[in-house]
Protein chains: 2
Amino acid sequence: MCELLAMSANVPTDIVFSFTGLAERGGVTGPHVDGWGITFYEGKGSRTFKDAKPSSESHVAKLIKSYPIKSEMVISHIRQANRGEVSLENTHPFSRELWGRNWTYAHNGQLSDYQEKFNTTRFHAVGDTDSELAFCWILDSVVKKFGNTAPNDLQAVFSYIATLADEIRQLGVFNMILSDGNDLMFYCSNNLSYITRRAPFGQAKLIDTDVVIDFNKETTPNDVVTVIATRPLTNNELWYILQPGEWKVFNKGELLFGS
Amino acid sequence: MCELLAMSANVPTDIVFSFTGLAERGGVTGPHVDGWGITFYEGKGSRTFKDAKPSSESHVAKLIKSYPIKSEMVISHIRQANRGEVSLENTHPFSRELWGRNWTYAHNGQLSDYQEKFNTTRFHAVGDTDSELAFCWILDSVVKKFGNTAPNDLQAVFSYIATLADEIRQLGVFNMILSDGNDLMFYCSNNLSYITRRAPFGQAKLIDTDVVIDFNKETTPNDVVTVIATRPLTNNELWYILQPGEWKVFNKGELLFGS
């Protein structure tokens, strides 16, 4: 199992607090010691920091914890390898350009008997994980259905991706986070939760390390910030726990649609 | 004008010395203050660090200068914007997956009247630079000629890309660095130089800042390291200056072919 973390917000927000909790799971409070990665969107652009080293001892993770990059959307992943060796090319998040946007994806779970299904034409895996292959198959399927230019109705695209995720879930565990840089989609196979924070803001206490934050001091009254994680990161707030097969699409911190 | 820097080596080598010289050009000794980026290949995997801030004052650039990431191939770029605003999506290097490999690209120069020529089908620009459009057009053209799976003969692919670069050079200045993670190609329009360092190693002195390195202490006798830069980075070594239209492909520090 791996740990997923994502954020969708209506103002550029730093993820230092949540990432600090997550990074502890990469070798201190959790067994996820096979690398980690984090993607920040800044406008249409994005940048991904990755390391094949455990996040709890990574130089680059220290940078992320100390340097508050403000972003409206973040996707992060800490890996415990099950399929594919420990290497940079097998480290999530994965990204591909489609329709002139950077799509970013991370997966938690394990799939079986997937090679035949994930036979793709246009998008090919660089590494050798089931996760990246599934991502390539999703994008390949989307292009086959919607063509080489983005349709006006992206809700149709995300609804179609949810049906693809339903198919993939037949092959094992498939908790997924996916974004085109604008909308943030997540799909639950067995472990995924989220919280939307808005005024009035309160205090939050991390489960994995002794850190408390007072969001009231860090935010303005109009901020809306949704955080998605494999398991709740704080123990004094109410997280929404998704059901198997349930999925959501958020934009700027607000729920757009889903099941 | 922007600054290009790349490295091809037969052993994982850090680029701290050369990047230190280059980063000075991003706001101290040079006018290139519109962001920078650097891609490291580690095996088939790669990671790119980017910042829209000047490299001479970037937190992330400080990390790169202090944390010796060892890599057999590096591509870096410091930007002075001419086409496209200063933003993360307009910051080089650009990357796309093709044939199951991460292709990375950086461009120095400026093009005119390119919109019609660079009309692409499969690869689309995320930002709004002439550079990224040219990259998308190159990959689009390569797929149209060679198909959806990699041919056995990559020399034919790079030779074809050189003819595409000849075409692009008709539209302005096109100094380019391109890699599929295995081979490193560079194409000269007006400013590009390289040096291959091998035993016996000596001392090198950076032009842009007061740093001297003794490669003899940093290397083993079998190391072969080629560094490519817009202009020579050191003033006590002999750099090869490319002619307009000249191009080379290196692998593990050694020249494979070119013109």
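We name chains A, B, ... by the order of the sequence lines, and we start the count at 1 in each one. Note that this is a predicted model, so its numbers are computed, not measured.
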(message) Are Thr91(A) and Arg47(B) packed together at the side-chain level, in the sense that at least one heavy-atom pair is separated by less than 4.5 angstrom?
(response) no
(message) At a heavy-atom distance under 4.5 Å, which candidate from Asp51(A), Thr149(A), Asn102(A) has the highest pair count against chain B?
(response) Asp51(A)
(request) Would you mind telling me which of Gly45(B), Ser87(B), Gly43(B) has the largest number of heavy-atom pairs within less than 4.5 Å of chain A? (result) Gly45(B)
(message) Tell me if the CG atom of Asp113(A) is crowded by more than 12 foreign heavy atoms within 6.0 Å.
(response) no
(request) Enumerate by number any residue of residues 119-127 of chain A whose heavy atoms lie under 4.5 Å from heavy atoms of chain B; in the absence of such residues, state 'none'. (result) Thr121(A), Arg122(A), Phe123(A), His124(A), Ala125(A), Val126(A)
(request) Taking all non-hydrogen atoms of both residues into account, name the closest pair between Glu42(A) and Glu89(B) and its distance. (result) O-OE1, 3.9 Å
(request) Could you have a look at Lys44(B), Glu132(B), Glu97(B) and say which one has the most heavy-atom pairs with chain A under 4.5 angstrom? (result) Glu97(B)
(request) Name the region of Ser95(A), side chain, backbone, both or neither, that has any atom closer than 4.5 Å to a heavy atom of chain B. (result) neither
(message) Please classify the contact of Asn90(B) with chain A as side chain, backbone, both or neither, using a heavy-atom distance under 4.5 Å.
(response) neither
(message) As a quick check of understanding, evaluate side chain to side chain contact (heavy atoms under 4.5 Å, CB included) for Leu88(B) and Tyr41(A), giving each step before the final call.
(response) CA-CA 9 Å; Leu88(B) 200 56; Tyr41(A) 282 95; over 6 Å; no
